Every structure is written in C-alpha cells, then in structure tokens.
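Keep in mind it's a predicted model, so treat the numbers as computed, not measured. The figures that follow rest on heavy atoms only: side chains count, while hydrogens, waters and symmetry mates do not. Both counts, for ligands and for their atoms, begin at 1 and track the order of listing.
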Amino acid sequence: MSRKPFIAGNWKMNMTAASGEKLIKDLIPLVKDADCDVCLCVPAILIPAMTKAAAGSNIAIGAENVHWAASGAYTGEISADMLKEYGVKYVIIGHSERRQYFGETDRTVNKRTLAALNAGLTPIVCVGELLEERESGKTNEVLDRQLAEGLKDIEDITKIVIAYEPVWAIGTGRTATDAQAQETIAYIRKKIGELFCPKCAEKIIIQYGGSMNAGNCKGLMAQNDIDGGLIGGASLKTDFAAIVNYNK
Ligand code: PGA
C-alpha cells in the first residue's frame, strides 16, 4: 500500500512574525513541486500571520500543542477550535520537550489527541525513548507504553500521524542511523497492527524526527517504513526545502 510522504517542520520557540513570513515566502517557490505533503508547525502567536503568508501554497500550517478542553478556565491554553479558526490543519502532541519540561504524560497526550481528532485536526503524536532507555534495551517497552496509553480510544488510527523521535537524537546532531530508525519505526508499525488493525498499520504515516537534515534525509526516506520527517533545527532555514525535495 502506498503512503504519501509527509515532511513537517517544528519551529519550537523560534522565529518572529517578520522572520517567519520571510522564510515562508522564500520556501514557497522552492517546495511548490513537492511530491509529499508539507507543513510547518509554528508558535501559536504566529499562526494567523503564517497562515496568511502560506495562503495559496502547498505549505500547511500546524500548531505545536493543543488543550483537551473545548473552552474554560485554563489560563494560557489554546483549544482545537481556536486553532481551526485560523486554518490550522496539524498539531504536534506529546513532543519530548513537552514531556520533559511541561509535565506532559501519556494520559495528557491521549486527551489532547482525542480532542484534536474530534475537532478535525490531524495530530502528529510524538513518541521516543531516552538515551538511557535505549542503552538499557528498553526502547520497545517504552514505545509499547507510549502507544497503548497515548493512543487509547482512538477510533480511526489512520487519522493520526506518528513521529518517532528518539530523544537522544533531538537537537543533538546525533541522528539515528537509517537502520536504527527503520527498525524502530517498523516495530511501531507492527505494534499499531496489534493495537488497532493490520490494515491500519499499513496505512498510517510514521515520521522520523531527530537531527534530520538535507544531508541525511535521502537515506532515511529510502527506508521502507519511514514515511516522512519532523524537522526541528533545519526547518528554520531554506534547508527545509531540500528535505521536502529529498527525492528530486
Ligand atoms: P531537530 O528537532 O530536528 O532539531 O533534532 C526535531 C524535533 O524536535 O522535532
């Protein structure tokens, strides 16, 4: 079964309205003939300006987090409907930085994912192990837990995207080897087959993330089970276009 590749950027807490707009304008002609789906997930406050800058192009705009409640007394939070109002299509959920610094758990990942799906957004759910977990042979065990708890009660699992991001590879310049990324993503796909259905496992888009760049994207994207990338640092420059055009 063929899966359409999907390359997404994650700006994290970087860029301003002016620099973001310039980057998007520079990227538009560079990515216009992409064979994959393209998205930039940006800080919430930049969403209105970036959706405007990307209007009419093949760059979709995404968010970096979403709250699970529709509205209410949650100071500082943003709901799925608020994101939708500004044309957001995708939302990153459970990024390792949110798990590490902001108390995100598999339970809150699950609540946010269900809320995003309910509103018609496509969640990009991040999973991945810490260095000590990999070194002590616990990678699969960690992924089993993150997938079973984070994706609980999802009716159509093919409506989400999974980003496998080994925490030791994020922002470190230390990418997983092609074989390591392939092996782990194939494991995730198999697990989705067990937790949901084998057909869903063949259909679901699974990205790799962690120091993916213009130099290593070809090798990673050539792997059977890797359907795309979630790109941090390299999405802050026009290098992002080289990743989007990995097959050209
Ligand atoms: P990186 O970040 O590409 O800078 O390693 C990836 C991510 O955190 O999504």
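At least one N or O atom of Ser211 sits closer than 3.5 Å to an N or O atom of ligand 1.
Protein heavy atom closest to atom 7 (C) of ligand 1, with residue, atom name and distance, is Glu165 OE2, 3.2 Å. Ranking the protein heavy atoms by distance from atom 4 (O) of ligand 1 puts Gly233 N, 2.8 Å first. Closest to atom 3 (O) of ligand 1 among all protein heavy atoms lies Gly232 N, 2.9 Å.
Asn213 contributes no side-chain N or O that, together with a main-chain N or O of Ala234, makes up a donor-acceptor pair within less than 3.5 Å. In this structure a side-chain-to-backbone donor-acceptor pair under 3.5 Å is present from Arg3 to Glu202. No side-chain donor-acceptor contact under 3.5 Å links Lys191 to the backbone of Leu143.
Residue-ligand proximity, His95 to ligand 1, at heavy-atom distances under 4.0 Å covers atoms 7 (C), 8 (O), 9 (O). Proximity to Lys12 (heavy-atom distance under 4.0 Å) selects the following atoms of ligand 1: 2 (O), 7 (C), 8 (O). Below 4.0 Å from some heavy atom of Asn10 lie the following atoms of ligand 1, by number and element: 9 (O).
Contacts between Ala169 and ligand 1, counted as non-hydrogen atom pairs separated by less than 4.0 Å, involve the backbone only.
Taking a cutoff of 4.0 Å between a charged side-chain nitrogen and a carboxylate oxygen, Asp106 and Arg99 qualify as a salt bridge. The pair Arg189-Asp227 meets the salt-bridge criterion, since a charged nitrogen lies less than 4.0 angstrom from a carboxylate oxygen.
For the ligand labelled ligand 1, residue Gly210 lies inside the 4.0 Å heavy-atom shell. Residue contacts with ligand 1 include Gly171, since one of its heavy atoms falls under 4.0 Å from the ligand.
The shortest side-chain heavy-atom distance between Val91 and Arg112 does not fall under the 4.5 Å cut-off. Ile162 places a side-chain heavy atom less than 4.5 Å from the side chain of Ile192.
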